[in-house]
Amino acid sequence: MAWLAGPAAAVVLLTACPASAAPLPLSSAAGPGHTSGAPPASGHRAARGQGEDGRGFAALAGLSAERLELADQVAAAKLRSGTPVADPARERVVLEEAARKATARGLDPVVARRVFRDQIEASKAVQRGLLQRWRAHPEQRTTGRPDLAGEVRPALDRITTGLIDALTEVAPRRGTPGCRAALTTEAAGQAVQRRFDPLHSRGLSRALASVC
């Protein structure tokens with residue numbers, strides 16, 4: 001396990017990734033509570049790699065982290081409605097849309113499907129973890145009433161477009177040693193600056209497992 005410098009309390013290494021995709025070691029700065037949702041500081045972005053692919057890695061990590069923060073709202077809505085975490089019909093729509101947008105951008109749709117399958121599984125893992133936590137500790141439940149159709153899903157659709165654009169930018173770096181190093185650096189920075197707890201840090205690692 002590679003330890004990362006910074007204010008992290010621990011390094012979280014995902015162990016449930018697909019065999020073909022090695023996990024990313026990410027820093028976890030927060031305790032077992034919730035994420036802060038704070039945007040990454042400008043200094044973090046300035047310290048990272050330059051160029052189109054450098055911005056692509058930063059976008060991949062940032063958008064994936066934002067997507068995981070939305071998982072909190074999805075979990076809260078499902079807790080109130082009693083609906084299951086898994087939604088195969090919705091997942092098919094997300095995967096088809098990702099493949100369609102990838103094809104339009106000249107990106108291999110197989111790659112897009114693989115990455116978005118990871119994004120979906122990461123979100124479901126976070127949702128399940130939150131639901132388990134909230135049922136055990138009702139005082140930690142969110143008090144908001146998320147609007148999935150009117151707010152959350154449009155935000156997810158926007159993130160999908162951004163992720164496809166970022167994947168297209170970093171495509172030439174896929175399979176190279178520098179890809180994993182650059183992505184891990186960006187993802188670790190997001191986990192620390194957004195004050196991700198271990199649940200969300202593991203989720204971010206899972207979400208990015210197939211990028212490189």
Side-chain angles (χ1 to χ4, degrees), residues 1-2 4 11-28 48-49 52-71 85-88 90-129 156-191 194 196 198-212:
M1 180 182 298
L4 299 172
V11 172
V12 178
L13 182 64
L14 180 69
T15 58
C17 288
S20 60
L24 296 175
L26 301 184
S27 301
S28 173
R48 303 307 177 211
E52 289 296 326
D53 56 357
R55 290 192 294 272
F57 287 122
L60 281 168
L63 289 168
S64 296
E66 184 181 353
R67 199 177 195 281
L68 279 182
E69 288 176 337
L70 289 173
V85 168
D87 186 350
R90 174 63 182 168
E91 292 172 23
R92 285 193 296 271
V93 170
V94 171
L95 293 174
E96 289 296 331
E97 183 67 6
R100 184 188 66 78
K101 290 184 176 183
T103 300
R105 292 282 277 115
L107 178 70
D108 185 349
V110 174
V111 171
R113 283 180 174 275
R114 187 178 302 128
V115 171
F116 274 85
R117 171 52 65 188
D118 288 342
Q119 296 277 331
I120 290 168
E121 294 304 321
S123 178
K124 291 193 295 186
V126 168
Q127 290 175 50
R128 291 188 179 107
L156 290 172
D157 291 342
R158 170 183 56 79
I159 290 171
T160 294
T161 299
L163 285 172
I164 292 296
D165 290 343
L167 282 169
T168 303
E169 287 186 12
V170 306
R173 293 277 298 275
R174 295 191 75 246
T176 68
C179 179
R180 186 172 176 78
L183 185 61
T184 298
T185 298
E186 293 291 350
Q190 288 288 333
R194 292 174 186 264
F196 272 3
L199 174 65
H200 290 77
S201 292
R202 288 194 298 271
L204 187 55
S205 177
R206 178 69 171 91
L208 296 168
S210 295
V211 168
C212 292

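From a predicted model like this one, the values you see are computed outputs, not experimental measurements.
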Steps toward side chain to side chain contact (heavy atoms under 4.5 Å, CB included) verdict (Val170, Leu183): CA-CA 10 Å; Val170 306; Leu183 185 61; over 6 Å; no

Pairing residues for Arg174 by the salt bridge (Lys or Arg N to Asp or Glu O under 4.0 Å) criterion, not counting sequence neighbours: none

Atom of Gly162, atom of Leu63 and distance for their closest heavy-atom approach: C-CD1, 3.4 Å

Results of salt bridge (Lys or Arg N to Asp or Glu O under 4.0 Å) for Arg128 - residues two or more places apart only: none

Minimum-distance pair of heavy atoms, taken over all atoms of Arg173 and Cys179: O-CB, 3.0 Å

Leu60 to Ala166 - nearest heavy-atom pair and separation: CG-CB, 3.6 Å

Contact summary for Leu68 and Leu204, nearest pair of heavy atoms: CD1-N, 3.1 Å

Close side-chain approach of Gln190 to Phe196, heavy-atom, < 4.5 Å: no

Partner set under salt bridge (Lys or Arg N to Asp or Glu O under 4.0 Å) for Glu96, not counting sequence neighbours: Arg113

Nearest non-hydrogen partners of Asp118 and Ser210, listed with the distance: OD2-OG, 2.5 Å

Set of salt bridge (Lys or Arg N to Asp or Glu O under 4.0 Å) partners for Asp108, sequence neighbours left out: none

Residues in side-chain hydrogen bond (donor to acceptor under 3.5 Å, both in side chains) contact with Arg158, at least two apart in sequence or another chain: Glu66

Any side-chain donor near an acceptor of the partner, Gln127 and Ser123, under 3.5 Å: yes

Least distance between heavy atoms, Ser64 atom then Leu163 atom: OG-CD2, 3.8 Å

Spacing of Thr160 atom OG1 and Phe116 atom CZ [to the nearest 0.5 Å]: 4.5 Å

Rounded distance [0.5 Å steps], CG in Leu167 versus NZ in Lys101: 12.5 Å

Residue list, side-chain contact (heavy atoms from CB on, under 4.5 Å) with Ile120, at least two apart or on another chain: Arg67, Glu91, Val94, Leu95, Arg117, Lys124

